[in-house]
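If you read the sequence from its start, that first residue is 1, and numbering goes on from there. Small disclaimer: the values here were computed from a predicted structure and weren't measured.
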Amino acid sequence: MNPLTILRYPDPRLHTVAKSVVSVDARMRKLANDMLDTMYEAAGIGLAATQVDIHERLVVIDVSESRDQPLVLINPEIIWASEETRVGEEGCLSVPGIYDGVERAMAVKVQALDLDGKRQVHEVEGMLAVCIQHEMDHLLGKVFVEYLSPLKRNRIKTKMIKLKKDEERD
């Protein structure tokens with residue numbers, strides 16, 4: 001196991017737009033596995049490469065109760081999103097301990113490459129659809145708190161900076 005360091009908001013590197021993956025090779029498979037290990041260790045359900053300071057279009061997700069159904073999306077693109085939306089409570093491994101409502105499409109169709117470099121299309125709804133949209137935002141350099149009001153965002157930023165200072169003191 002090789003856990004990676006997860007960047008924390010308001011780290012400016014979280015706002016870097018990820019570049020497309022050029023080739024699905026051994027390095028990419030190792031990165032995906034390391035990201036899955038990191039996500040599971042942090043008790044998360046999704047992780048984008050941007051969050052571990054690697055700015056390539058790679059996302060790992062596992063929303064299963066049993067934590068044994070990983071989904072790896074390389075160069076993901078949402079090719080359809082339902083008009084029906086809902087506001088759901090979201091959290092993020094880069095913003096620990098913070099949860100708030102974000103409006104998302106209830107269903108999406110996403111195309112991406114798998115770890116063999118094969119094109120896959122997934123039509124999903126519910127928690128998986130929300131997770132895909134959340135992680136793909138990271139690839140665009142967007143953190144979920146940016147959907148919140150400036151007041152809430154500033155409070156969260158202040159809280160995260162204080163948390164980091166407290167941890168550095170310990």
Original post:
Hydrophobic clusters join Ile, Leu, Val, Met, Phe, Trp and Tyr when side-chain heavy atoms are under 4.5 Å apart, directly or via other members; which others share one with V121?
Top reply: I79
Subject >> Q133 side, atom CD; E103 side, atom CD - distance, nearest 0.5 Å >> reply: 10.0 Å
**OP:** Provide the closest heavy-atom pair for L14 versus R8 in the form atom of the first, atom of the second, distance.
**Re:** CD1-C, 3.6 Å
**OP:** Flag the pair T5 / V52 as yes when at least one side-chain heavy-atom distance between them is below 4.5 Å, and no otherwise.
**Re:** no
**OP:** Compare all side-chain heavy atoms of L4 with those of L47 and state whether any distance is below 4.5 angstrom.
**Re:** no
Subject >> Interatomic distance, L148 atom CG to N154 atom CG [nearest 0.5 angstrom] >> reply: 11.0 Å
Subject >> Cation-pi geometry met for K159 and Y9 (6.0 Å, 45°) >> reply: no
Subject >> D62: partners by salt bridge (charged side-chain N to carboxylate O under 4.0 Å, His left out), with sequence neighbours left out >> reply: none
Original post:
With sequence neighbours left out, what residues match R13 under salt bridge (charged side-chain N to carboxylate O under 4.0 Å, His left out)?
Top reply: D11, D53
Original post:
Near E125 CD, under 6.0 Å, is it more than 12 heavy atoms from other residues, nucleotides or ligands?
Top reply: no
Subject >> Side-chain touch K118/Q120, heavy atoms, less than 4.5 angstrom >> reply: yes
Subject >> Student check: side-chain heavy atoms of I45 and M127 closer than 4.5 Å >> reply: yes
Subject >> Non-hydrogen side-chain atoms of E168 and K164 separated by less than 4.5 Å >> reply: yes
**OP:** For T85 and M106, work out which heavy atoms get closest and say how close.
**Re:** C-CG, 3.8 Å
Original post:
Counting heavy atoms not belonging to R29, are there more than 12 under 6.0 Å from its CZ?
Top reply: yes
Original post:
Apart from W80 itself, what residues make up its hydrophobic cluster when side-chain heavy atoms of I, L, V, M, F, W and Y under 4.5 Å apart count as a link, directly or indirectly?
Top reply: none
Subject >> CD/E84: more than 12 non-hydrogen atoms of other groups inside 6.0 Å >> reply: no
Original post:
Mind checking what makes salt bridge (charged side-chain N to carboxylate O under 4.0 Å, His left out) contact with D166, not counting sequence neighbours?
Top reply: K162, R169
Original post:
Going by an N to O cut-off under 4.0 Å, is there a salt bridge joining R27 and E56?
Top reply: yes
Subject >> Validation row: E135, V60 side chains within 4.5 angstrom (heavy atoms) >> reply: no
**OP:** Start with the C-alpha gap between V102 and E89, add the side-chain angles, then the distance that decides, and say whether side-chain contact (heavy atoms from CB on, under 4.5 Å) holds.
**Re:** CA-CA 6 Å; V102 177; E89 186 130 307; over 6 Å; no
Original post:
Do D137 and Y147 have side-chain atoms, one donor and one acceptor, less than 3.5 Å apart?
Top reply: yes
**OP:** Report yes if some heavy atom in the side chain of L7 is under 4.5 Å from a heavy atom in the side chain of T50; otherwise report no.
**Re:** no
**OP:** For D114, check salt bridge (charged side-chain N to carboxylate O under 4.0 Å, His left out) against everything at least two apart and list the hits.
**Re:** none
Original post:
Does the side chain of E77 reach to within under 4.5 Å of the side chain of K109, using non-hydrogen atoms?
Top reply: no
